[in-house]
Amino acid sequence: MEFKGQTALITGSARGIGKAIAEALARRGADVAIADRDLDEAKEAAKEIAAIGTRTAAVRLDVSNSGEVIKTFQDILKEFGRLDILVNNAGITKDGLLMRMKEEEWDAVINVNLKGTFLCAKEAVKIMAKQRYGRIVNIASVVAFIGNPGQANYSASKAGIVGLTKTIAKEYASRGITSNAVAPGFITTAMTDVLSENVKEEMKKAIPLSRFGTIDDVANAVVFLASNGYITGQVLHVNGGMYM
Ligand code: NAP
């Protein structure tokens with residue numbers, strides 16, 4: 001129960017990787033706040049996770065909306081009294097080749113993935129700096145390192161997250177806050193279910209471990225970073241070897 005007495009906020013955690021992270025943290029004793037755009041789905045997830053035996057809360061949050069982010073962090077602090085772990089997991093894709101990518105598609109992905117991570121980290125460090133303790137884990141992606149045709153917006157947003165992660169690590173190390181990123185490869189979730197079988201088979205060929213990752217593969221990496229006080233500014237790759 002290494003996180004007993006700690007509070008974690010996970011964005012985009014009503015389903016997929018975020019929900020698995022919330023569950024994994026709760027299993028190790030953390031109280032968890034499930035923040036997602038869809039409040040009903042967030043409530044469902046919070047109810048399920050509460051059965052593990054820790055305190056949970058469901059919050060409606062669009063991470064790209066600064067007003068909502070500020071209010072959410074105030075509410076969580078009021079409800080739980082502290083914030084120890086922030087996992088910036090909320091993310092979207094709007095794929096298309098660069099020539100055809102609309103400005104709105106670029107803006108939407110940057111706003112959720114990169115600006116959302118900035119807004120949430122900004123509110124978190126205010127609380128964590130006072131506590132002199134905090135663990136920030138940002139979810140990046142392998143495409144930040146290798147690029148991906150059709151994902152100019154997404155890969156740029158995830159590469160931006162890597163730079164942001166390292167800067168937070170340097171700015172707040174003296175306050176006991178670590179900041180790291182997990183960069184998943186191809187993980188089976190709703191985000192990747194939309195890809196055609198052909199594309200999936202092609203992708204598998206590029207993975208030395210010959211399988212797609214699971215949501216628990218990613219959640220375990222987040223747990224590791226959240227529990228370690230001497231790793232900061234790092235990217236942990238969880239990709240079956242597709243990028244080394
Ligand atoms: P997912 O199944 O689509 O889940 C993402 C969750 O984030 C959804 O519940 C979604 O809510 C929520 N969300 C979207 N925009 C939001 C916003 N503005 N504010 C708050 N919540 C928002 O995706 P996933 O596969 O679990 O991905 C989770 C993270 O891992 C993302 O950052 C993604 O980029 C990253 N990642 C995934 C893979 C992969 O292979 N799956 C690989 C590398 C990185 P809605 O239902 O309202 O959309």
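As the structure lists them, so they are numbered: ligands from 1, and atoms in each ligand from 1. Residues take their numbers from the sequence shown, with the count starting at 1. Computed from heavy atoms alone, side chains included, the values below leave out hydrogens, waters and symmetry copies.
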Geometry only, no angles: is Tyr154 polar-contacting ligand 1 at N/O separations under 3.5 Å? yes
Let me check something: do Leu164 and Ile92 share a hydrophobic cluster, defined by ILVMFWY side-chain heavy atoms less than 4.5 Å apart, either directly or through other members? yes
For atom 22 (C) of ligand 1, what is the closest protein heavy atom, and at what distance to 0.1 Å? Ala90 CB, 3.7 Å
Give the residue and atom name of whichever protein heavy atom lies nearest to atom 46 (O) of ligand 1, and the separation in Å to one decimal. Arg15 NH2, 2.7 Å
Any side-chain heavy atom of Lys19 within less than 4.5 Å of one from Glu48? yes
Give the atoms of ligand 1, by number and element, whose distance to some non-hydrogen atom of Phe186 is under 4.0 Å. 40 (O)
Does the side chain of Ile49 come within less than 4.5 Å of Val32's, by heavy atoms? yes
Do ligand 1 and Leu61 have nitrogen or oxygen atoms that lie under 3.5 Å from each other? yes
Identity and distance of the protein heavy atom lying nearest atom 18 (N) of ligand 1: Asp62 OD1, 2.9 Å
Just need the protein heavy atom nearest to atom 24 (P) of ligand 1, so name the residue and atom and give the distance. Thr189 OG1, 3.7 Å
If I apply the N/O under 3.5 Å rule, does Ile17 come out as touching ligand 1? yes
Please report whether ligand 1 has a polar contact with Lys158, defined as an N or O pair separated by less than 3.5 Å (distance criterion only). yes
Pairs of nitrogen or oxygen atoms closer than 3.5 Å, one from Val63 and one from ligand 1: do any exist? yes
Please say whether Asn89 places an N or O atom under 3.5 Å from an N or O atom belonging to ligand 1. yes
For a 4.5 angstrom cut-off between non-hydrogen side-chain atoms, does Asn138 reach Ser179? yes
Say whether, by atom type as modelled, one donor and one acceptor occur between the side chain of Arg132 and the main chain of Met128 under 3.5 angstrom. no
Using a distance-only test with no angle check, is there a side-chain donor-acceptor pair under 3.5 angstrom linking Asp217 and Thr214? yes
Polar-atom distance check: Ala14 versus ligand 1, any N or O pair below 3.5 Å? no
Is it true that, when you exclude Lys126 itself, more than 12 heavy atoms of the residues, nucleotides or ligands shown sit nearer than 6.0 Å to its NZ? yes
At what distance is the nearest protein heavy atom to atom 15 (N) of ligand 1, and which residue and atom is it? Arg37 CZ, 3.3 Å
Would you say the side-chain atoms of Asn180 pair up with the backbone N or O of Ile231, donor to acceptor, closer than 3.5 Å? yes
Closest non-hydrogen protein atom to atom 40 (O) of ligand 1, residue and atom name please, with distance? Ile187 N, 2.8 Å
Applying a heavy-atom cut-off of 4.0 Å, say which part of Ala140 lies close to ligand 1: side chain, backbone, both or neither. backbone
Is the cationic atom of Lys204 (NZ for Lys, CZ for Arg) positioned less than 6.0 Å from the six-membered ring centroid of Phe212 and within 45 degrees of its normal? yes
Quick one: which ligand 1 atoms are inside 4.0 Å of a heavy atom on Ser141? 43 (C), 44 (C)
Do Arg135 and Leu225 have side chains that approach each other closer than 4.5 Å (heavy atoms only, starting at C-beta)? no
Ligand 1 contacted by Ile139 (non-hydrogen, < 4.0 Å): yes
For Gly16, counting its heavy atoms only, list the atoms of ligand 1 lying under 4.0 Å from any of them. 26 (O)
When distances are taken from atom 6 (C) of ligand 1, the protein heavy atom at minimum range is Gly12 O, 3.4 Å
If I apply the N/O under 3.5 Å rule, does Asp36 come out as touching ligand 1? yes
Cluster overlap Val112 with Val143, hydrophobic side-chain contacts below 4.5 Å: yes
I need the nearest protein heavy-atom contact for atom 38 (C) of ligand 1: residue, atom name and distance, please. Gly185 O, 4.0 Å
Between Asn111 and Ser64: side-chain donor-acceptor atoms closer than 3.5 Å: no
Side chain, backbone, both or neither: which applies to Thr192 and ligand 1 if a contact is any heavy-atom pair less than 4.0 Å apart? side chain
From the list Ile10, Val182, Leu9, side-chain contact (heavy atoms from CB on, under 4.5 Å) with Val87 holds only for Ile10
Is Glu68 paired with Arg60 through a side-chain N to carboxylate O contact shorter than 4.0 Å? yes
Considering Gly91, Gly18, Ala144 one by one, which has a heavy atom nearer to atom 5 (C) of ligand 1 than any of the others? Gly91
Quick check on contacts: which atoms of ligand 1 are under 4.0 angstrom from a heavy atom of Ile92? 14 (C), 15 (N)
